[in-house]
Amino acid sequence: MLGAAREAGVEATVEQPLHGSDIVDTFEGLVASTGASMVVIGLRRRSPVGKLVLGSDAQRLLLGLDVPVLAVKPTA
C-alpha cells in the first residue's frame, strides 16, 4: 500500500506505535511529533456486542484527534 501511494506521488509514512493506556493520547503525541496532516487506521470486524462491551478505539480516534482520520475496513 505504501508503494502505491508513493507511485501516485503521495508522501506517506507508516508508523505502528506501541501505546500505553490511552490510544488517543498516543496518537495525539505521534501527530504532534511528526506533524502529520492525516491519520489512516485499519478497522477489524467485530460483532455489535463486542463493540458495546469492549468499546471502540477507532471511534475514539475518529472523534478525539484534531486531524482528519480515515478508517479503512477490511476487504473479504
Side-chain angles (χ1 to χ4, degrees):
M1 182 168 61
L2 186 57
R6 288 189 176 145
E7 287 176 13
V10 176
E11 182 180 333
T13 59
V14 174
E15 302 259 348
Q16 187 173 1
L18 298 175
H19 64 88
S21 60
D22 187 48
I23 189 71
V24 175
D25 287 344
T26 300
F27 270 83
E28 284 175 342
L30 187 60
V31 166
S33 68
T34 62
S37 58
M38 179 179 203
V39 172
V40 179
I41 59 173
L43 301 177
R44 59 184 172 161
R45 296 184 191 274
R46 194 183 298 167
S47 71
V49 174
K51 290 178 188 175
L52 180 64
V53 172
L54 299 174
S56 172
D57 286 337
Q59 182 174 355
R60 292 182 56 231
L61 288 168
L62 286 164
L63 299 174
L65 293 179
D66 292 332
V67 296
V69 178
L70 173 63
V72 182
K73 71 179 186 172
T75 59

Quiz item: Ile41 and Val69: side chain to side chain contact (heavy atoms under 4.5 Å, CB included), yes or no, with the steps?
Solution: CA-CA 7 Å; Ile41 59 173; Val69 178; 4.0 Å; yes

Practice problem: Evaluate the criterion side chain to side chain contact (heavy atoms under 4.5 Å, CB included) for residue pair Val24 and Thr26; output intermediate values, then yes/no. | Solution: CA-CA 5 Å; Val24 175; Thr26 300; over 6 Å; no

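Judged as a salt bridge (charged side-chain N to carboxylate O under 4.0 Å, His left out), not a single pair has a partner in residues 27-40 (not counting sequence neighbours). Judged as a side-chain hydrogen bond (donor to acceptor under 3.5 Å, both in side chains), the pairs with a partner in residues 58-70 (not counting sequence neighbours) are, in order, Asp22-Arg60.
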For residues 32-39, which side-chain donor-acceptor pairs fall under 3.5 Å, sequence neighbours excluded?
| residue | atom | partner | partner atom | Å |
| --- | --- | --- | --- | --- |
| Ser33 | OG | Gly29 | O | 3.2 |
| Ser33 | OG | Leu30 | O | 3.2 |
| Thr34 | OG1 | Leu30 | O | 2.8 |
| Thr34 | OG1 | Ala36 | N | 3.3 |

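By the 4.5 Å heavy-atom criterion applied to side chains, Val72 and Leu43 are not counted as neighbours.
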